[in-house]
**Q** 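The structure's right below; bear with me while I get my questions together.
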Amino acid sequence: CWALGAGYETFHEADPDFAASLAASVHAYLDVLEDTCLDSYGDYETARGRSVPWWLVDGDSYTTAPVVLGLASFCRARADERSETALRQLADGLCDCRDGDSIEYPFGAHLSVPNGAAWHTWGLRQVAALARAGAVLEEDRYVSSARRAVAGLYTYFTTSHVRVAK
């Protein structure tokens with residue numbers, strides 16, 4: 001979805017026919033999302049003692065983030081209520097995956113897999129996705145969630161001698 005949305009944003013003026021085929025593909029992707037994960041929008045499961053969104057793509061935020069990035073690109077180039085609704089629902093789920101704060105573990109990270117697997121640097125996409133969705137939808141809550149992750153986890157990584165990877 002990321003490539004489809006970005007492609008549409010890039011080509012919608014320069015090559016309207018190609019952009020129309022990309023828009024059709026975005027809508028086909030939305031068909032799948034609406035019949036699968038988004039069908040559970042608003043449902044939560046308990047993991048690690050906390051409530052986590054059940055409607056994320058493949059059940060985790062790191063695979064949801066590229067979809068949010070794609071839908072944000074698509075929605076930035078074209079007013080499309082259906083895409084904006086899906087974008088908002090998925091961004092809601094990403095926000096709900098943030099845990100901790102600048103002092104408490106995991107320091108504001110948007111946990112990659114709500115079932116308790118460790119955070120990893122793919123989390124960079126959650127922050128970018130929420131910031132972009134917030135800008136496109138004019139939703140401060142998404143931007144604030146991204147900002148809290150940067151203020152907490154990223155500050156922790158850059159000011160401590162934590163080894164992120166070998």
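Since the structure is predicted, the reported quantities are computational estimates derived from the model, not experimental observations. Residue numbers count from 1 along this sequence.
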**Q** For a 4.5 angstrom cut-off between non-hydrogen side-chain atoms, does Arg76 reach Arg132?
**A**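 The answer is yes; the side chains approach within 4.5 Å.
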**Q** CG/Leu4 to CG/Leu30 distance, rounded to the nearest 0.5 angstrom?
**A**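 That separation rounds to 10.0 Å.
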**Q** Determine, using the 4.5 Å side-chain heavy-atom cutoff (strictly less than), whether Trp55 and Val52 are members of one ILVMFWY cluster.
**A**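 As far as the 4.5 Å side-chain criterion goes, Val52 and Trp55 are not connected within one cluster.
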**Q** Shortest non-hydrogen contact from Leu137 to Tyr142?
**A**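 The pair with the smallest heavy-atom distance is CD1-CE1, 3.9 Å.
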**Q** Any donor and acceptor pair, going by atom type alone, linking the side chain of Thr63 with main-chain N or O of Val57 inside 3.5 Å?
**A**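 Here the side-chain-to-backbone pair exists.
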**Q** For Ala65 and Ala129, work out which heavy atoms get closest and say how close.
**A**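 Heavy atoms of Ala65 and Ala129 come nearest at O-CB, 3.5 Å.
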**Q** Compare all side-chain heavy atoms of Leu87 with those of Val68 and state whether any distance is below 4.5 angstrom.
**A**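 Of all side-chain heavy-atom pairs linking Val68 with Leu87, at least one is under 4.5 Å.
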**Q** Please find the pair of heavy atoms, one from Leu56 and one from Ser61, that lie closest to each other, and give the distance.
**A**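 Looking at all heavy atoms of both residues, the shortest contact is CD1-N, 3.9 Å.
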**Q** With side chains defined as the heavy atoms from C-beta onward, is the minimum distance between Leu71 and Val26 less than 4.5 Å?
**A**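 Side chain of Leu71 against side chain of Val26, heavy atoms only: contact under 4.5 Å found.
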**Q** With a sphere of 6.0 Å drawn around CZ of Arg78, does it hold more than 12 non-hydrogen atoms of other residues, nucleotides or ligands?
**A**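 Yes, CZ of Arg78 has more than 12 neighbouring heavy atoms, counting only those of other groups under 6.0 Å.
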**Q** Consider only side-chain heavy atoms of I, L, V, M, F, W and Y, link residues closer than 4.5 Å, and tell whether Tyr41 and Leu33 are in one cluster.
**A**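 Cluster IDs for Tyr41 and Leu33 match.
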**Q** To check you understand the geometry: which heavy-atom pair defines the closest contact between Gly134 and Val143, and what is its length?
**A**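 Of all heavy-atom pairs spanning Gly134 and Val143, the closest is CA-CG2, 3.7 Å.
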**Q** Minimum heavy-atom separation for Leu130 to Cys95, with atom names?
**A**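 Where Leu130 meets Cys95 most closely, the heavy atoms are CD2-SG, 3.8 Å.
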**Q** Please examine the side chains of Thr10 and Asp15, heavy atoms only from C-beta on, and report whether any two atoms are closer than 4.5 Å.
**A**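 In short, these two side chains do not touch, never coming nearer than 4.5 Å.
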**Q** Side chains of Gln126 and Cys97: closer than 4.5 Å at any heavy-atom pair?
**A**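 The answer is no; the side chains never approach within 4.5 Å.
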**Q** Looking at every non-hydrogen atom in both residues, tell me the closest pair between Ser102 and Ala151 and how far apart they are.
**A**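 Scanning both residues, the minimum pair turns out to be CB-O, 4.3 Å.
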**Q** Supply the atom-to-atom distance Glu104 CD to Asp99 CG, rounded to the nearest 0.5 angstrom.
**A**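 With rounding to 0.5 Å, CD (Glu104) is 7.0 Å from CG (Asp99).
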**Q** Between Phe74 and Trp2, does the ring centre distance come in under 6.0 Å?
**A**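 Centroid distance Phe74-Trp2: not below 6.0 Å, so no.
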**Q** Got a second to check how far Asp96's CG is from Leu94's CG, nearest 0.5 Å?
**A**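 The CG atom of Asp96 sits 9.0 Å away from the CG atom of Leu94.
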**Q** Looking only at atom types and distance, does a side-chain atom of His27 sit under 3.5 Å from a main-chain N or O of Ala24, one as donor and one as acceptor?
**A**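 It does not hold such a pair.
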**Q** Between Ser144 and Asp140, is there a donor-acceptor pair closer than 3.5 Å when you use the side chain of the first and the backbone of the second?
**A**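 Not at all, since once roles are kept as given, no pair shorter than 3.5 Å links the two residues.
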**Q** Within this structure, what is the CG-OG1 distance for the pair Asp92 and Thr64, rounded to the nearest 0.5 Å?
**A**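 Asp92 atom CG to Thr64 atom OG1 measures 12.0 Å (nearest 0.5 Å).
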**Q** Between CG of Leu69 and SG of Cys1, what distance do you get to the nearest 0.5 Å?
**A**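 Going from the CG atom of Leu69 to the SG atom of Cys1 covers 9.5 Å.
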**Q** For residues Tyr8 and Val32: do they belong to one hydrophobic cluster (side chain heavy atoms under 4.5 Å, members Ile, Leu, Val, Met, Phe, Trp, Tyr)?
**A**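 Each belongs to a different hydrophobic cluster.
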**Q** Leu22 vs Glu9, test: side chain to side chain contact (heavy atoms under 4.5 Å, CB included). Steps then yes/no.
**A** CA-CA 10 Å; Leu22 292 172; Glu9 184 178 26; over 6 Å; no
